[in-house]
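Just below is one structure, and these are the notes that go with it.
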Amino acid sequence: MRILIDADGCPVVNESIGVAKKFNLESIIFCDTAHYFNEENVKVVVVSKGVDAVDFAILNDIQRGDIVITQDYGLASLVLSRNSYAINQSGMVYTDENIDGLLFSRYIFKKMRNSKVRLKGPKKRDKSQNVIFEQNLEKLILEKIKK
């Protein structure tokens, strides 16, 4: 098991690395050339800018049982199809039971935006969300290690 981090715009990179270290798991940061990470003892994979370039890099590297940190429902769906696990930056674990609904809601919201419907964005992130993320990531790791 490894922790793969879709780091483009990810607010919990440091928390993910910290949890990985706690469980002695390898963590790998994936980002494009617009981002810079220099974390000690952490592999960083930098790809050229491009639509879904980081997602494809993750999918090319993923191994059965890895955990991917991402807010991208499409990537999460592909991760699940590879017998791996995905969790978002707020601590929601993507599952076979919830991914179809999430993908459908993404589709509906995109149609609404394309129709010029104004949607409110997410609330400002606060530190308590990082704590919830860490707790849920640790819980996911413990559940999957027991299998």
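Values below: all heavy atoms of this structure, side chains included; hydrogens, waters and symmetry mates excluded. Since this is a predicted model, take the numbers as computed values, not measurements.
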Could you pull out every donor-acceptor pair under 3.5 Å between side chains of residues 50-64 and any protein atom, sequence neighbours left out?
residue, atom, partner, partner atom, Å
Asn60, ND2, Phe56, O, 3.2

Under 3.5 Å, which donor-acceptor pairs do the side chains of residues 129-137 form with other protein atoms, sequence neighbours left out?
residue, atom, partner, partner atom, Å
Gln129, OE1, Asp126, N, 2.9
Asn130, OD1, Arg125, NE, 3.0
Asn130, OD1, Arg125, NH2, 2.8
Asn130, ND2, Glu15, OE2, 3.2
Asn136, ND2, Gly91, O, 2.9

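- By the side-chain hydrogen bond (donor to acceptor under 3.5 Å, both in side chains) test, Thr70 pairs with Asp6, sequence neighbours left out.
- Taken together through direct or relayed side-chain contacts under 4.5 Å among Ile, Leu, Val, Met, Phe, Trp and Tyr, Ile141 and Val12 form part of one hydrophobic cluster.
- Residue Met1 holds its CE atom at 6.0 Å from OH of Tyr85, rounded to the nearest 0.5 Å.
- Taking hydrophobic clusters as Ile, Leu, Val, Met, Phe, Trp and Tyr residues chained together by side-chain heavy-atom distances below 4.5 Å, Ile17 shares a cluster with Ile67.
- Clustering ILVMFWY residues whenever any of their side-chain heavy atoms sit less than 4.5 angstrom apart, transitively, puts Leu140 in the very cluster that holds Val19.
- Side chains of Tyr36 and Val46 form no contact here, defined as non-hydrogen atoms less than 4.5 Å apart.
- If you take OG on Ser16 and CD1 on Ile29, they are separated by 8.5 Å, rounding to the nearest 0.5 Å.
- Within the 4.5 Å cutoff, no side-chain heavy atoms of Leu4 are placed close to those of Ile69.
- With sequence neighbours excluded, the residues forming a side chain to side chain contact (heavy atoms under 4.5 Å, CB included) with Asn14 are Glu39, listed by chain and number.
- Remark: Asp8 pairs with no residue by the salt bridge (Lys or Arg N to Asp or Glu O under 4.0 Å) rule, at least two apart or across chains.
- In this structure, Leu80 shares a hydrophobic cluster with Tyr73, Met92, Tyr94, Ile99, Leu102, Leu103, the cluster being traced through Ile, Leu, Val, Met, Phe, Trp and Tyr side chains under 4.5 angstrom apart.
- Here the NZ-CG distance, from Lys144 to Leu142, works out to 11.5 Å after rounding to the nearest 0.5 Å.
- Here SG of Cys31 is found 11.5 Å from NZ of Lys49. Values are rounded to the nearest 0.5 Å.
- Smallest separation of non-hydrogen atoms from Ser81 and Leu78: OG-O, 2.6 Å.
- In terms of hydrophobic clustering, with Ile, Leu, Val, Met, Phe, Trp and Tyr side chains grouped at heavy-atom distances under 4.5 Å, Val93 and Leu75 are assigned to different clusters.
- Residues satisfying the side-chain hydrogen bond (donor to acceptor under 3.5 Å, both in side chains) criterion with Asp32, sequence neighbours excluded, are His35.
- Annotation: side-chain hydrogen bond (donor to acceptor under 3.5 Å, both in side chains) contacts of Lys22 (sequence neighbours excluded): Glu138.
- For the salt bridge (Lys or Arg N to Asp or Glu O under 4.0 Å) test, no residue two or more places apart in sequence or in another chain qualifies with Lys21.
- The OG atom of Ser84 sits 8.5 Å away from the CZ atom of Arg2 when rounded to the nearest 0.5 Å.
- Under the 4.5 Å side-chain contact rule for hydrophobic residues, Phe30 and Val79 share a cluster.
- Taking Ala20 as the reference, Ile3, Leu25, Ser27 meet the side chain to side chain contact (heavy atoms under 4.5 Å, CB included) condition, with sequence neighbours excluded.
- Side chains of Ile5 and Cys10 form a contact here, defined as non-hydrogen atoms less than 4.5 Å apart.
- Take Lys124 and apply the side chain to side chain contact (heavy atoms under 4.5 Å, CB included) test, not counting sequence neighbours, and it matches no residue.
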